[in-house]
Amino acid sequence: MLLRNRFILLLAVAAVLVVLSFSLQFFSRWLPVGMQLKTQANLLPVRLLPAVSESEEVLPAKSRKRIMPDLLTEPSAPDPLYEANLYCNIPGVAEHSMEGHAPPNFKLLSVQVMIRHGDRYPLYAIPKTKRPDINCVLDPVRNPSHPNLANFISHMTKGSGSQMDGTLSSLPRFPSHSLCEMGELTQTGVVQHLYNGQILRENYLKKHKLLSNDWTAKQLYIESTGKSRTLQSGLALLYSFLPGFDWKKISIRHQWSSIFCSSHCDCPLRNHYLEEEQRRQYSYRIKNVQLEKTYVDMAKVVGVPTRLLRASNPIDSLLCHFCHNVTFPCSKNGCIDIEHFKVIKAHQIEDERERHEKQLYYKYALLATYPLINQTVSRMQRMSEGKKAEVFALYSAHDVTLSPVLSAIGLTEARFPRFGARLVFELWQKTDQEKEHYVRILYNGEDVTFQTSFCREHERRSNQPLCPLSKFVNFVKKGVFSALNSTSYYDACHQRSF
């Protein structure tokens, strides 16, 4: 009898386990991100998005699997997968924003925003591999999405009254290809900036009333490079910031230079430092034996010479696979896998560290970004003196724009600009002492003011918790040149000592 009861008990337990197994398989897609299990070694560890709709173009089943749980807390040591996840900037993750936060006796006067365009399709293709199958047609019911996406699409079709400089007027206002073109903004990229605009609207318009309901065109300054991905990113942010804006009030200036140097681009010493930095990068790369072995292995997989594989900048394409959870390229010789990706990404992290140590890039950054930073501080000065100036400025740019700005102002610990990155400069006035003005600088929502070179040593007194504008002005007008052993921008650019 005892054996019979034990047998029945075992049968009951087995039945329960079977039911649980099927239940877990059915509900696994609804588990929190950190509980997702991922299985195949050549597939990608990214955040799980909500279930796809019936209208979404469904990738093959193997492309939808994950291989490991996401890292939800920052590792104690640099981790290439954690850093790659941050770089992807998948929408939907709660973000704590510090924009617009200041003591009650301060008034917000102006905001200037520099953004990197949102997620894009690769600029380079890995030879002899299939391009990642990414759909760039905007679809509000496909994830990731945003509550404003449908209205954004509709509003972008009505922009005939806008004023756009140069080639901007001929560019599409939103992406629309069923198979993304090279460098095209994706739906993820649009959504990233819809969220950015929403954050800025909540903090600056609803909380501080930076712009009134009857705002005018003269209160805005908008500038974009001539790439569709920067124009579209700027428009997405602007739409969430000013939903349903009047196109007749919108004027977008075209910036031909990716470093926004405008009419001050003639700078031989800047070019010299950039060439020296590129030599440093090359020297550092060829010393990395593991990286070279990885390139050799990947070249064998796709069947091309190593030099051709390396020249195709494979990390650009692999990041697209990673961020969109698309299987890495395979061939009859095998597959490029997550270990290959980790080695290349780890090298990028190490190269960033050495770049800060060698200071070549810092000197390049000072010269490259001076025209843009000078324009930023000059607008603050005009506003502080009671003169007419734009209340809200938006520069829609690239990683090669934001990265040197971060370096120039001394943010050595800042991460490389992710997709949809934003750098914000706020100007504040003390309400009881109107002649006192202060600056706050925020990077992706984090207050980094006291990490800058010009405010790092500023004493945070209880009656002066922000950084005086005078420190920023002094840095731009004098500090930049003293760091370059010069007295003016022209002299700094044309030194013959090199």
Side-chain angles (χ1 to χ4, degrees), residues 108-115 221 223 255 257-267 269-270 273-274 356 359 361-395 397 400-414 417 422-429 435-443 447-458 464 466-495:
L108 182 66
L109 296 184
S110 72
V111 172
Q112 300 180 67
V113 185
M114 301 174 189
I115 60 172
Y221 182 90
E223 192 168 352
Q255 175 55 246
S257 166
S258 62
I259 56 173
F260 284 67
C261 53
S262 301
S263 59
H264 304 282
C265 294
D266 179 23
C267 189
L269 190 59
R270 179 201 65 213
Y273 282 131
L274 180 58
H356 289 304
Q359 294 286 298
Y361 186 80
Y362 172 65
K363 293 178 179 179
Y364 159 77
L366 288 174
L367 292 169
T369 64
Y370 178 79
L372 178 56
I373 297 177
N374 185 52
Q375 185 180 38
T376 302
V377 80
S378 296
R379 185 177 285 117
M380 287 183 170
Q381 284 183 292
R382 291 197 302 273
M383 181 67 72
S384 68
E385 294 167 359
K387 299 176 181 178
K388 290 185 178 180
E390 297 88 357
V391 174
F392 181 81
L394 174 63
Y395 299 90
V400 294
T401 317
L402 265 65
S403 181
V405 172
L406 295 171
S407 181
I409 62 178
L411 296 177
T412 56
E413 299 300 317
R422 66 184 188 275
L423 178 63
V424 178
F425 295 80
E426 299 174 348
L427 176 65
W428 296 82
Q429 179 187 57
K435 291 186 178 181
E436 292 192 13
H437 295 85
Y438 300 85
V439 62
R440 286 180 80 231
I441 300 174
L442 302 103
Y443 184 47
D447 187 344
V448 294
T449 309
F450 292 98
Q451 297 175 33
T452 62
S453 58
F454 51 88
C455 275
R456 195 173 296 145
E457 303 302 324
H458 178 64
Q464 199 180 67
L466 305 184
C467 179
L469 173 61
S470 59
K471 287 188 173 291
F472 188 25
V473 173
N474 186 65
F475 165 75
V476 176
K477 304 300 182 181
K478 297 180 181 179
V480 169
F481 306 129
S482 62
L484 295 167
N485 296 317
S486 187
T487 57
S488 70
Y489 184 62
Y490 181 86
D491 289 342
C493 284
H494 294 83
Q495 291 183 60

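Everything numeric in this text was worked out from a predicted model, so none of it was measured.
With sequence neighbours excluded, no residue satisfies side-chain hydrogen bond (donor to acceptor under 3.5 Å, both in side chains) with Thr412. Contacts of Ser482 classified as side-chain contact (heavy atoms from CB on, under 4.5 Å), with partners at least two apart in sequence or in another chain: none. For the side-chain contact (heavy atoms from CB on, under 4.5 Å) test, residues two or more places apart in sequence or in another chain that qualify with Glu390 are Tyr221, Arg379, Arg382. By the side-chain contact (heavy atoms from CB on, under 4.5 Å) test, Ser453 is found to be paired with Arg456, Phe475, residues two or more places apart in sequence or in another chain being considered. Residues that satisfy the salt bridge (Lys or Arg N to Asp or Glu O under 4.0 Å) test with Glu426, not counting sequence neighbours, are Arg440. When the side-chain hydrogen bond (donor to acceptor under 3.5 Å, both in side chains) test is applied to Thr401, no partner is found at least two apart in sequence or on another chain. Residues that satisfy the ring-ring contact (aromatic ring centres under 6.0 Å, His included) test with Phe392, not counting sequence neighbours, are Phe241. Taking the side-chain hydrogen bond (donor to acceptor under 3.5 Å, both in side chains) definition, one finds that Asn374 meets it with Lys477, sequence neighbours left out. In this view, Glu385 and Lys387 satisfy the salt bridge (Lys or Arg N to Asp or Glu O under 4.0 Å) rule, not counting sequence neighbours. Remark: Gln381 engages no residue in a side-chain hydrogen bond (donor to acceptor under 3.5 Å, both in side chains) (not counting sequence neighbours). Considering only residues two or more places apart in sequence or on other chains, Arg422 meets the salt bridge (Lys or Arg N to Asp or Glu O under 4.0 Å) condition with Glu95, Glu99.
Residues Ser262 and Cys265 approach most closely at O-SG, 3.3 Å, considering heavy atoms. The minimum heavy-atom distance linking Ser486 with Gln495 is given by the pair CB-NE2, 3.9 Å. When all heavy atoms of Ala365 and Pro404 are compared, the pair lying nearest together is CB-O, 3.3 Å. Here the closest heavy-atom approach between residue Ile259 and residue Val400 is recorded as CG2-O, 3.9 Å. Across every non-hydrogen atom of Pro468 and Val439, the tightest pair is O-CG1, 4.3 Å.
Distance CD/Glu436 to OG/Ser384: 12.0 Å, rounded to 0.5 Å. Here Phe425 contributes atom CZ and Ile441 contributes atom CD1; the two are 5.0 Å apart, rounded to the nearest 0.5 Å. Cys261 contributes atom SG, which lies 6.5 Å from atom OH of Tyr489 (distance to the nearest 0.5 angstrom). Residue His264 holds its NE2 atom at 12.0 Å from OG of Ser257, rounded to the nearest 0.5 Å.
Looking only at distances, a side-chain donor or acceptor of Gln359 sits under 3.5 Å from a matching main-chain atom of His356. Judged by distance alone, the side chain of Glu223 and the main-chain N or O of Phe260 form no donor-acceptor pair under 3.5 Å.
The closest side-chain heavy-atom distance from Leu108 to Trp428 is below 4.5 Å. Using a 4.5 Å cut-off on side-chain heavy atoms (C-beta onward), Leu367 and Cys493 make contact. Inter-residue side-chain proximity for Pro417 and Leu406 is flagged as met; some heavy-atom pair is nearer than 4.5 Å. Thr452 places a side-chain heavy atom less than 4.5 Å from the side chain of Leu411. When side chains are defined from C-beta on, Thr449 does not count as touching Leu466, because their heavy atoms never get closer than 4.5 Å. Gln375 is listed as a side-chain neighbour of Leu372, based on a closest heavy-atom distance under 4.5 Å. Using a 4.5 Å cut-off on side-chain heavy atoms (C-beta onward), Thr487 and Phe481 make no contact. Met380 has its side chain out of reach of Leu109: every pair of non-hydrogen atoms, C-beta onward, lies at least 4.5 Å apart.
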**Prompt:** Stepwise, does the side-chain contact (heavy atoms from CB on, under 4.5 Å) test hold for Phe472 with Ile373?
**Reply:** CA-CA 10 Å; Phe472 188 25; Ile373 297 177; 4.0 Å; yes
**Item:** Worked check of side-chain contact (heavy atoms from CB on, under 4.5 Å) between His494 and Asp266
**Value:** CA-CA 9 Å; His494 294 83; Asp266 179 23; 3.5 Å; yes
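Under the side-chain hydrogen bond (donor to acceptor under 3.5 Å, both in side chains) criterion, the residue pairs touching residues 361-372 are Tyr361-Ser403, with sequence neighbours excluded.
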